[in-house]
Amino acid sequence: MKDYGTNPPLSYNKYLRVPDLINLQDCLSDPAHHDELLFITIHQTYELWFKQILHEVDAAIVHMNEDRAIRASRALARVVEIEKVLIAQIHILETMTPISFLAFRDELNPASGFQSMQFREIEFSSGLKSKNILHEFQNDEFAQARLRARLDGPTLGEAFYVLLSRRGFDAPADCATLDEEERRKLYGKRTRAILEVLTHFEERFEEFQLAEKMIEHDEYFSLWRSHHVKMVERMVGSKRGTGGSEGVGYLRTTLDKKFFPELWEARTYLDIRHGEAGCPFTGHE
Ligand code: HEM
């Protein structure tokens with residue numbers, strides 16, 4: 001239990017632990033380069049917002065499991081608004097000249113945003129799980145434990161398809177034990193369920209709202225990737241990353257990653273004649 005104190009009374013500084021907070025920015029350059037504080041502040045701010053995103057993603061999963069689609073949509077709406085801020089924040093870094101960055105960049109080796117534990121947690125809980133990433137955290141027990149929990153934990157996508165199934169759609173959620181052919185069929189069923197939601201968005205407004213917030217989360221996370229790679233190219237061109245990757249070349253390979261591929265895929269098959277052409281939801285054959 002924290003001692004917020006009644007004597008002296010609680011203050012802004014005390015509640016928010018501002019003295020601790022503003023003492024957490026340790027520059028490695030010596031003498032400290034003017035722009036290194038910005039570099040640290042931006043990254044720490046990201047990590048705080050990542051924490052909040054995880055809090056909301058976890059809440060959205062719980063709400064979906066309780067069949068509370070509206071509440072889940074509200075949590076994801078907040079995630080999306082945070083992601084908009086995260087995109088805008090990238091450009092603050094661009095006020096730093098490339099030559100200023102080079103003045104302290106070597107000090108960062110071999111640390112890299114690639115090792116952002118919470119970024120990976122968001123990816124995992126949104127559906128992009130990867131065991132290989134754990135190698136990056138070999139010497140970090142704290143990160144290992146959190147990432148393993150996320151690897152074994154539920155995802156937004158699974159919770160969403162469980163919710164749809166509960167509400168009468170044929171949208172299987174579990175695909176862990178399926179072979180490729182079975183997986184393809186399951187993927188098709190989910191895409192079809194989303195087609196129903198998109199077509200009948202008024203009757204299925206709760207599901208529609210939720211699906212829209214999910215795709216927005218996917219879209220804005222991906223937009224962050226695009227803004228990040230452009231900023232990186234502007235800052236360091238095609239230099240290798242401090243984390244050891246090819247740099248921009250590697251980052252470009254991540255741009256097409258999707259949390260919820262079926263939500264995107266469904267758009268391809270959406271058709272205004274869907275109702276007449278055999279939509280189970282309307283009962284037409
Ligand atoms: C001058 C600023 C920055 C530069 C030059 C830069 C550069 C890079 C490079 C080259 C990589 C590829 C991995 C590597 O080899 O290091 C990377 C990955 C990454 N960076 Fe940055 N970065 C910058 C700022 C940021 C900021 C502000 C964040 C916010 C958290 C961030 C988060 C990440 C993440 C999460 C990855 C992994 C992406 C993935 O694997 O999908 N970076 N960065």
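Both counts, for ligands and for their atoms, begin at 1 and track the order of listing.
Listed by atom number, the atoms of ligand 1 under 4.0 Å from S112 heavy atoms are 13 (C), 14 (C), 16 (O). Against a heavy-atom cut-off of under 4.0 Å, Y46 is close to the following atoms of ligand 1: 27 (C), 29 (C), 30 (C). Shown in contact with I42 at under 4.0 Å from a heavy atom are these atoms of ligand 1, numbered in order with element: 27 (C). For ligand 1 and G247, the ligand atoms under 4.0 Å from any heavy atom of the residue are 10 (C). In summary, the atoms of ligand 1 found under 4.0 Å from a heavy atom of L93, numbered by their order in the structure, are 2 (C), 24 (C), 27 (C). Ligand-side atoms of ligand 1 in range of R225: 41 (O), range being under 4.0 angstrom from any heavy atom. With ligand atoms numbered from 1 in the order given, ligand 1 contributes 14 (C), 15 (O), 16 (O) to contacts under 4.0 Å with heavy atoms of G243. In summary, the atoms of ligand 1 found under 4.0 Å from a heavy atom of F39, numbered by their order in the structure, are 1 (C), 2 (C).
Contact check for L151 versus L134: side-chain heavy atoms found under the 4.5 Å cut-off. Looking at L21 and L16, their side chains never come closer than 4.5 Å, going by heavy atoms from C-beta outward.
Comparing S116, A111, G244, G113 against atom 36 (C) of ligand 1, the shortest heavy-atom distance belongs to G113.
The six-membered or imidazole ring of F205 lies away from that of F201, with a centre-to-centre distance of 6.0 Å or more. Taking the six-membered ring wherever Trp is involved, the centroid distance between the rings of W264 and F259 does not fall below 6.0 Å.
Polar contact check, Y250 against ligand 1: a nitrogen or oxygen pair lies under 3.5 Å apart. By the 3.5 Å distance cut-off applied to N or O atoms, R120 is counted among the residues near ligand 1.
Nearest to atom 20 (N) of ligand 1 among the protein's heavy atoms is H228 NE2, 3.0 Å. Regarding atom 4 (C) of ligand 1, its nearest protein heavy-atom neighbour is V232 CG2, 3.8 Å. The single protein non-hydrogen atom nearest to atom 12 (C) of ligand 1 is S245 OG, 3.4 Å, given as residue, atom name and distance. Atom 10 (C) of ligand 1 has its closest protein heavy atom at G241 CA, 3.5 Å.
Side-chain atoms of T45 and Q89 include no donor-acceptor pair closer than 3.5 Å. In this structure, a donor-acceptor pair under 3.5 Å is absent between the side chains of S73 and Q209. A donor-acceptor contact closer than 3.5 angstrom is absent between the side chains of Q52 and H55. Remark: the S100 side chain and the H34 side chain contain no N/O donor-acceptor pair separated by less than 3.5 Å.
At a heavy-atom distance under 4.0 Å, only side-chain atoms of L251, from C-beta outward, approach ligand 1. Residue contacts with ligand 1, taken as heavy atom pairs separated by less than 4.0 Å, do not involve F221 at all. With a 4.0 Å cut-off on non-hydrogen atoms, M231 touches ligand 1 through its side chain and not its backbone.
No side-chain donor-acceptor contact under 3.5 Å links Q44 to the backbone of T41.
Both tests pass for R120 against the ring of F114: distance under 6.0 Å to the centre and angle within 45° of the axis.
Taking the charged nitrogens against the carboxylate oxygens, R190 and D170 have no contact shorter than 4.0 Å, which rules out a salt bridge.
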